[in-house]
Amino acid sequence: MRRRVILLGPPGSGKGTVAVHLQKELGLPHVSSGHLLRREVENGSTMGRRAKLFIDKGELVPNDAVLELVNSWLLSSDAEEGFVLDGFPRNLAQAKVLDEWLRQTPIEKVILFDSPESVIVDRITGRRTCPKCGRVYQLPTLAPSKDGVCDDCGTMVVQREDDQEPVVRKRYDIYRRETEPLAAYYRQQGKLTVVDATRPLEQRLSAATAALRG
Ligand code: ATP
Ligand code: MG
């Protein structure tokens, strides 16, 4: 079983949901760079205040800030037995730095969840996120069991500012321009599996688990 994994894909392609399942089934810790950044924003740190300017516009946060956050997560003991990265790397520069960090224990598998823009926009408008623990819900199919309240921590779920349609479209454009080229980068390394993100969750999960076995 391959255990150092990257989940790639446009915003709202279900990377976070798959990551949570992999964590439950395989005990693999996962981290979402978006969640790390939003936590900084919540805390009102200097980095968080700077990052917010980019996040709200749907633009990528500058590499130095993202690299610092992901690096300290990777160095934490959580990541020793393997990990799933969701939302990182987002451009070629980040991917190259990651390869440098992991020279002794390289990334084993990259799963790309591909989806057309129309599906992304539909999905993201139904998305609700727990601002405290980061858990993601999807109305109406994967709603919290108690109306509007996170199943895990009891916090009121919200619609993210950057989940409004115009911002989603911009995030999708930036994904195509900056992030999608990583597919070729990892394909060349022989690590890439592409999964159709428009399939039902069950099928995406089994495709992801099969890829990690292969
Ligand atoms: P989804 O969570 O639906 O997959 P997403 O991937 O666009 O959508 P996040 O990963 O939560 O959303 O990221 C939200 C925002 O945080 C991004 O639009 C960007 O501004 C910033 N961000 C997250 N990860 C990175 C990164 N690796 N590099 C630069 N900016 C990032
Ligand atoms: Mg995400």
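We're numbering straight along the sequence, starting at 1.
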Using atom types as modelled and distance alone, determine if a side-chain donor or acceptor of [X] lies under 3.5 Å from a backbone N or O of [Y].
{"X": "Arg4", "Y": "Thr105", "value": "yes"}
{"X": "Arg123", "Y": "Gly12", "value": "yes"}
{"X": "Arg171", "Y": "Asp162", "value": "yes"}
{"X": "Thr198", "Y": "Ser115", "value": "no"}
{"X": "Glu108", "Y": "Arg3", "value": "yes"}

With a cutoff of under 4.5 Å between side-chain heavy atoms, which Ile, Leu, Val, Met, Phe, Trp and Tyr residues group with Tyr172?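 Direct or chained contacts put Tyr172 with Ile120, Val121, Ile124, Val168.
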Quick one: [atom1] on [X] to [atom2] on [Y], what's the gap to the nearest 0.5 Å?
{"X": "Leu36", "Y": "Phe88", "atom1": "CG", "atom2": "CZ", "result": "10.5 Å"}
{"X": "Leu22", "Y": "Asp86", "atom1": "CG", "atom2": "CG", "result": "10.5 Å"}
{"X": "Arg169", "Y": "Ile174", "atom1": "CZ", "atom2": "CD1", "result": "14.5 Å"}
{"X": "Gln138", "Y": "Thr129", "atom1": "CD", "atom2": "OG1", "result": "9.0 Å"}

Quick check: closest heavy atoms across [X] and [Y], and the distance to 0.1 Å?
{"X": "Gln189", "Y": "Lys191", "value": "OE1-NZ, 2.9 Å"}
{"X": "Cys150", "Y": "Arg135", "value": "SG-CB, 4.3 Å"}
{"X": "Phe113", "Y": "Ser13", "value": "O-CB, 3.7 Å"}
{"X": "Arg2", "Y": "Val5", "value": "O-CG2, 3.8 Å"}
{"X": "Ile111", "Y": "Ala208", "value": "CD1-O, 3.8 Å"}

Is there a path of hydrophobic side-chain contacts, each under 4.5 Å between heavy atoms, that joins [X] and [Y]?
{"X": "Met156", "Y": "Leu139", "value": "no"}
{"X": "Leu67", "Y": "Leu92", "value": "yes"}
{"X": "Leu28", "Y": "Leu102", "value": "no"}

Ion pair present between Glu178 and Arg90, side-chain N to carboxylate O less than 4.0 angstrom?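 Arg90 and Glu178: not salt-bridged.
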Presence of salt bridge, Glu100 and Arg103, under 4.0 angstrom: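 Glu100 and Arg103: salt-bridged.
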Close side-chain approach of [X] and [Y], heavy atoms under 4.5 Å:
{"X": "Arg38", "Y": "Arg160", "value": "yes"}
{"X": "Gln159", "Y": "Arg128", "value": "yes"}
{"X": "Val149", "Y": "Pro144", "value": "no"}

Using the side-chain hydrogen bond (donor to acceptor under 3.5 Å, both in side chains) rule, collect all pairs that involve residues 47-64, keeping only residues at least two apart or in two chains.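 Output for this query lists Arg50-Asp64, Lys52-Asp56, Glu59-Lys170, Asn63-Asn91, Asn63-Gln94.
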Under the side-chain contact (heavy atoms from CB on, under 4.5 Å) test against Lys15, which residue among Leu7, Leu8, Ile6, Val84 passes?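 Looking at Leu7, Leu8, Ile6, Val84, the match for Lys15 under the side-chain contact (heavy atoms from CB on, under 4.5 Å) is Leu7.
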Within a reach of under 6.0 Å around [atom1] of [X], are more than 12 heavy atoms found that belong to other residues, nucleotides or ligands?
{"X": "Glu68", "atom1": "CD", "answer": "no"}
{"X": "Gln164", "atom1": "CD", "answer": "yes"}
{"X": "Asp147", "atom1": "CG", "answer": "no"}

Please verify the inter-ring angle class for Phe83 with Trp73; under 30° counts as parallel, over 60° as perpendicular, anything in between as tilted.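 Phe83 vs Trp73 ring planes: perpendicular.
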